[in-house]
Amino acid sequence: MGLLRRLLGREQAWVERWAVYPGEVGGHLAMYNIDLGAVEAAPVARLSRRLDVEFRYKGEGATGMPDAAELGAIHALDEAVRQALRAVKGAFVGRVLSGNTGRITGYLPDGATPPPLTDVPGLTPETTLTPDPGWTRVREQLTPDAWQRNIMDDNQVVQELEAHGDRLSTPRAVEFLSYFPDPDRAEVAAEELRADGFAVTVERGDEGDFVLQAIRSEAVEPPALHEVTWKVRGVVERHDGLYDGWGCMVQTG
């Protein structure tokens with residue numbers, strides 16, 4: 001029944017899966033808040049019209065990011081846009097903040113017009129409607145790249161550690177796992193990682209592949225963490241391995 005309801009447009013065509021990650025727009029720091037479920041579902045045929053809501057904010061310092069009060073207003077505007085889209089069976093897809101400017105994006109059925117947005121003190125949004133059956137903005141501008149996906153993967157582990165009271169700044173043994181189709185490529189990757197201070201082992205796995213385990217003492221505090229994981233991932237993938245992430249014991253002391 002759920003599939004039929006989705007085909008008839010009565011239910012959303014994807015499961016929402018929100019992520020926040022950094023990036024860059026026009027040389028400025030950007031913060032993305034994107035529904036990855038929508039990214040993976042794009043394009044959705046019945047939602048062929050794009051709604052963009054743009055606004056300015058004063059921000060704090062040179063970062064171009066909003067201060068705490070402005071962020072509260074932006075969250076209120078998010079909800080106002082979400083409700084307006086919901087009223088016409090549309091979908092809220094995400095928001096990007098960069099250079100003292102915000103842009104919220106959603107999609108709605110062709111011919112539908114959302115109701116006026118609820119006023120949000122401190123913000124003066126400008127709304128545009130554009131035909132976009134191919135969801136070009138989502139596919140070309142809102143889809144995370146490999147670096148951003150690496151950050152999201154890291155942040156999932158970090159959030160789990162924080163939920164257990166971890167002190168992220170405390171160095172501890174961090175284990176990285178990856179898989180290779182043959183021992184030769186695994187050993188070449190292992191040598192690169194050993195030269196960078198990792199203790200590395202390569203063993204044959206249960207499925208006939210070769211498992212590389214690399215361990216090094218690290219703090220797991222972003223953003224420095226992301227540089228470490230990106231480097232390990234790069235070594236693994238350069239030698240045709242499958243990077244499987246990292247893990248460690250919780251450090252509360």
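No donor-acceptor pair under 3.5 Å is formed between the side chain of Arg139 and the backbone N or O of Ala42. A donor-acceptor contact shorter than 3.5 Å is absent between the side chain of Ser48 and the backbone of Ala45. In this structure, the side chain of Arg172 engages the main chain of Thr170 through a donor-acceptor pair within 3.5 Å. Within the 3.5 Å criterion, the main-chain N or O of Val53 finds no donor-acceptor partner in the side chain of Thr127. In this structure, Glu70 contributes its side chain and Gly59 its backbone to a donor-acceptor pair below 3.5 Å. Listed for the Tyr57 side chain is a donor-acceptor partner under 3.5 Å among the backbone atoms of Gly64. When atom types are taken as modelled, the side chain of Arg49 and the backbone of Leu129 share no donor-acceptor pair closer than 3.5 angstrom. Between the side chain of Gln148 and the backbone N or O of Pro22 there is at least one donor-acceptor pair closer than 3.5 Å.
One distance of note links CZ of Arg95 with CD1 of Ile34; it measures 8.5 Å at 0.5 Å rounding. Interatomic distance, CG of Asp35 versus CH2 of Trp14, reported as 6.5 Å (0.5 Å rounding). Distance check, rounded to the nearest 0.5 Å: CH2 of Trp147 to CZ of Arg233 gives 10.5 Å. Here Glu54 contributes atom CD and Thr124 contributes atom OG1; the two are 13.5 Å apart, rounded to the nearest 0.5 Å. Between atom CG of residue Asp132 and atom CG of residue Leu47 there is a gap of 11.0 Å, rounded to the nearest 0.5 Å. In this structure, Met249 CE and Glu175 CD are separated by 11.0 Å, a value rounded to the nearest 0.5 Å.
Leu212 has its side chain out of reach of Tyr243: every pair of non-hydrogen atoms, C-beta onward, lies at least 4.5 Å apart. By the 4.5 Å heavy-atom criterion applied to side chains, Pro144 and Leu36 are counted as neighbours.
Closest approach of Gly106 and Leu85 over heavy atoms only: CA-CD1, 3.8 Å. The shortest non-hydrogen separation linking Asp78 to Phe92 is O-CE1, 3.4 Å. For Leu117 against Ala84, the heavy-atom pair with the smallest separation is CD2-CB, 3.8 Å. Among all heavy-atom pairs drawn from Val235 and Ala189, the shortest one is CG1-O, 3.7 Å. The two residues Tyr107 and Arg50 have their closest heavy-atom pair at OH-CD, 3.4 Å. Minimum interatomic distance between Pro114 and Val88 (heavy atoms only, all atoms of both residues): CA-CG1, 4.0 Å.
When only modelled atom types and interatomic distance are considered, Thr229 and Asn150 share a side-chain donor-acceptor pair under 3.5 Å. Remark: the Asp154 side chain and the Trp246 side chain contain an N/O donor-acceptor pair separated by less than 3.5 Å. In summary, the side chains of Ser178 and Asp244 do not present any donor paired with an acceptor at a separation below 3.5 Å, with no hydrogens or angles considered. A donor-acceptor contact under 3.5 angstrom links the side chains of Glu79 and Gln83, judged on distance only.
Taking hydrophobic clusters as Ile, Leu, Val, Met, Phe, Trp and Tyr residues chained together by side-chain heavy-atom distances below 4.5 Å, Tyr179 does not share a cluster with Val232. Residues Phe176 and Leu161 share a single hydrophobic cluster, defined by chaining ILVMFWY side chains whose heavy atoms lie under 4.5 Å apart. A single hydrophobic cluster is seen to contain both Val20 and Leu29, as judged by linkage of ILVMFWY side chains at heavy-atom distances under 4.5 Å, directly or through other members. By the rule that hydrophobic residues join a cluster once side-chain heavy atoms approach within less than 4.5 Å of another member, Leu225 and Tyr21 end up as members of separate clusters. Both Met152 and Leu142 are assigned to one and the same hydrophobic cluster, defined by single-linkage of ILVMFWY side chains at heavy-atom distances under 4.5 Å.
Salt-bridge formation is detected for the pair Asp196/Arg216: a Lys NZ or Arg NE/NH1/NH2 atom is positioned less than 4.0 Å from an Asp or Glu carboxylate oxygen.
Under the 6.0 Å cut-off for aromatic ring centres, Phe180 and Phe210 do not qualify, their centroids lying 6.0 Å or more apart.
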- Task: Could you please spell out the steps behind the side chain to side chain contact (heavy atoms under 4.5 Å, CB included) verdict for Arg137 and Val93?
- Result: CA-CA 10 Å; Arg137 173 157 169 77; Val93 170; over 6 Å; no
With side chain to side chain contact (heavy atoms under 4.5 Å, CB included) as the test, would you mind laying out the steps for Thr105 and Trp135 before giving the verdict? CA-CA 11 Å; Thr105 298; Trp135 285 41; over 6 Å; no
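With a 6.0 Å radius and a threshold of 12 heavy atoms from other residues, nucleotides or ligands, Glu24 has its CD atom above the threshold. Counting heavy atoms of neighbouring residues, nucleotides and ligands inside a 6.0 Å radius, atom CZ of Arg167 does not exceed 12 of them.
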